[in-house]
Number of protein chains: 2
Amino acid sequence: MDTFKIDDVAKESGLTKRTIRYYEEIGVLFPPERSEGGMRLYTRKHIERLSQIVNARDVLGFSLMEIQDFVAIREKMDEQKQVYWKTEAAEEKLSQLREMKVMVDKQMEMVDQKLSKMAEFRKEIEYMQKRINDGITKMST
Amino acid sequence: MDTFKIDDVAKESGLTKRTIRYYEEIGVLFPPERSEGGMRLYTRKHIERLSQIVNARDVLGFSLMEIQDFVAIREKMDEQKQVYWKTEAAEEKLSQLREMKVMVDKQMEMVDQKLSKMAEFRKEIEYMQKRINDGITKMST
DNA sequence: TTTAACGTTAACGTCAACGTTAACTTTTAA
DNA sequence: TTAAAAGTTAACGTTGACGTTAACGTTAAA
């Protein structure tokens with residue numbers, strides 16, 4: 001039994017059920033299978049994906065719309081795996097790979113930009129720490 | 001003439017005039033002097049502060065409420081400079097410094113957490129780049 | 001088998017972070 | 001000095017990202 005009901009997923013991910021359904025609704029979480037009665041049956045993959053989404057949202061500060069692109073690439077990666085090596089499909093596969101390369105390269109650029117800006121920020125804070133510490137030692141003598 | 005009208009500030013910062021006024025309204029940007037007729041007269045300090053706010057907002061993904069704390073520390077730093085070395089005020093100054101230290105240390109911790117998470121992200125993207133490049137070279141032979 | 005716990009959709013509510021518009025005053029360039 | 005450009009406040013509108021509630025169907029344990 002490797003499927004989860006929405007409440008289990010909510011507990012593991014720390015998100016609310018509403019949020020999980022919402023992420024499916026706007027297309028950042030791929031839809032799970034359904035039970036006979038219509039209940040969502042999630043897999044480990046869904047939980048992993050949610051974790052990635054939360055990271056992108058909270059850490060990188062991406063909006064859910066920006067995360068769409070991000071997610072689309074992961075989707076294509078998985079898709080690529082499924083495609084058998086057929087000579088007829090080779091051409092199409094190659095063009096898809098090139099397309100993905102462009103997107104991933106762009107993402108890398110964004111992340112590197114954020115990283116360098118963050119480093120600047122860190123330096124500023126470090127400087128403030130230094131000034132405060134100097135002030136404290138100087139005064140408490 | 002080292003004061004700027006709001007439109008100049010808007011152009012330099014890339015923000016809209018509405019946004020600049022809004023930031024003042026909610027207290028993340030300290031209010032500028034006013035002209036006889038009531039027009040806002042900004043200084044370089046304001047522009048610098050706005051740049052910091054934008055960075056905290058876009059790069060760190062902080063909400064404007066979180067930025068309040070962030071800004072409060074900067075404000076206190078400037079304030080400290082103004083306070084003359086009076087023996088009577090020394091005790092109070094020291095306690096303020098300790099207070100600031102706690103806040104700044106907390107900020108540093110947050111930034112470091114974000115930095116490490118971002119590094120993880122970078123690694124994942126790097127891995128994807130590698131896989132895609134491998135796929136392309138393998139196919140285009 | 002029945003009832004409580006949990007699931008579903010649908011619709012309206014909320015809050016942050018501005019955009020837009022109106023109605024008006026101040027500056028500035030001709 | 002007189003338009004036009006740019007400033008002001010005030011108020012309502014919008015959008016993203018969910019929260020909340022209602023009205024109802026499904027599951028699982030007693």
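Values reported hereafter were calculated over all heavy atoms of this structure, with side chains retained and with hydrogens, waters and symmetry mates removed. All figures in this text were calculated on a predicted structure; none of them were measured in a lab.
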Report task. May I have the distance from A:Ile67 (atom CD1) to D:dA17 (atom C1'), rounded to whole angstrom? Result -> 11 Å
Query raised in the report: Within the structure shown, what part of the strands sits under 4.0 Å from B:Arg21 by heavy-atom distance: base, sugar-phosphate, or nothing?
Result: base
Requested in this report: Provide, to the nearest angstrom, the distance between the CG atom belonging to A:Asp58 and the P atom belonging to D:dC18.
Outcome: 9 Å
Query - Residue whose nearest DNA chain C nucleotide is more 5′ - B:Met65 or B:Met39 - result: B:Met65
Query raised in the report: Under 3.5 Å, side chain of B:His46 to main-chain N/O of B:Phe30, donor-acceptor pair present?
Result: yes
Query raised in the report: How is A:Ile6 classified with respect to the nucleic acid when contacts are heavy atoms under 4.0 Å: base, sugar-phosphate, or nothing?
Result: sugar-phosphate
Query raised in the report: Quick one: is D:dG19 close enough that its OP1 or OP2 comes under 4.0 Å of any side-chain N or O from A:Tyr22?
Result: no
Query raised in the report: If only side-chain N and O atoms of B:Tyr23 are considered, is one of them under 4.0 Å from the OP1 or OP2 phosphate oxygen of C:dC18?
Result: yes
Query raised in the report: Can you find a side chain N or O atom of B:Ser35 that sits less than 4.0 Å from OP1 or OP2 on C:dT26?
Result: no
**Report entry** Of the listed nucleotides C:dT26, C:dT9, C:dA11, the one nearest the side chain of A:Arg40
**Finding:** C:dT9
Query raised in the report: Closer than 4.0 Å, any side-chain N/O of A:Arg18 to the OP1 or OP2 of C:dT9?
Result: no
Query raised in the report: So, the side chain of B:Lys114 versus the backbone of B:Leu60: is there a donor-acceptor pair under 3.5 Å, distance only?
Result: yes
Query raised in the report: Whole Å only: how far is the CD atom of A:Glu36 from the P atom of D:dG25?
Result: 17 Å
Query raised in the report: When the distance from CD of A:Glu25 to C1' of D:dG16 is rounded to whole Å, what number comes out?
Result: 12 Å
Requested in this report: When you get a sec, tell me which of C:dC6, C:dT27, D:dA17 is the closest nucleotide to the side chain of A:Ser63?
Outcome: D:dA17
**Report entry** Residue whose closest nucleotide on DNA chain D lies nearer the 5' end, A:Gly38 versus A:Arg57
**Finding:** A:Arg57
**Report entry** Residue A:Leu64, side-chain heavy atoms: nucleotide from C:dT27, C:dG7, D:dC18 that is nearest
**Finding:** D:dC18
Query raised in the report: What is the distance from CD of A:Glu66 to P of D:dG16, rounded to the nearest Å?
Result: 12 Å
Query raised in the report: Can B:Arg74 be said to sit on top of B:Phe70's aromatic six-ring, NZ or CZ under 6.0 Å from centre and within 45° of the ring axis?
Result: yes
Requested in this report: Report the residue (B:Tyr42 or A:Thr19) whose heavy-atom-nearest nucleotide on DNA chain D is the more 5′ of the two.
Outcome: B:Tyr42
Query - Check: B:Leu15 main-chain N/O paired with B:Thr19 side-chain donor or acceptor under 3.5 Å - result: no
Query raised in the report: Taking only side-chain nitrogens and oxygens of B:Thr16, does any of them come within less than 4.0 Å of OP1 or OP2 of C:dC18?
Result: no
Report summary line: A:Ile20 CD1 to C:dG7 C1', in whole Å, measures 13 Å
Report task. Could you check how far CG of A:Asp8 sits from C1' of D:dT27, rounded to whole Å? Result -> 13 Å
Query - Within 6.0 Å of NZ in B:Lys76, more than 12 heavy atoms from elsewhere - result: yes
Report summary line: So CD of B:Gln96 and CD1 of A:Ile136: to nearest 0.5 Å the spacing works out to 11.5 Å
Requested in this report: Give a yes/no on whether any side-chain N or O of A:Lys17 is located under 4.0 angstrom from OP1 or OP2 of C:dG7.
Outcome: yes
**Report entry** Given D:dT9, C:dT20, C:dT28, the nucleotide with the shortest approach to the side chain of B:Lys5
**Finding:** C:dT28
Requested in this report: Check the distance between D:dC18's P and A:Leu15's CG and give it to me in whole angstrom.
Outcome: 8 Å
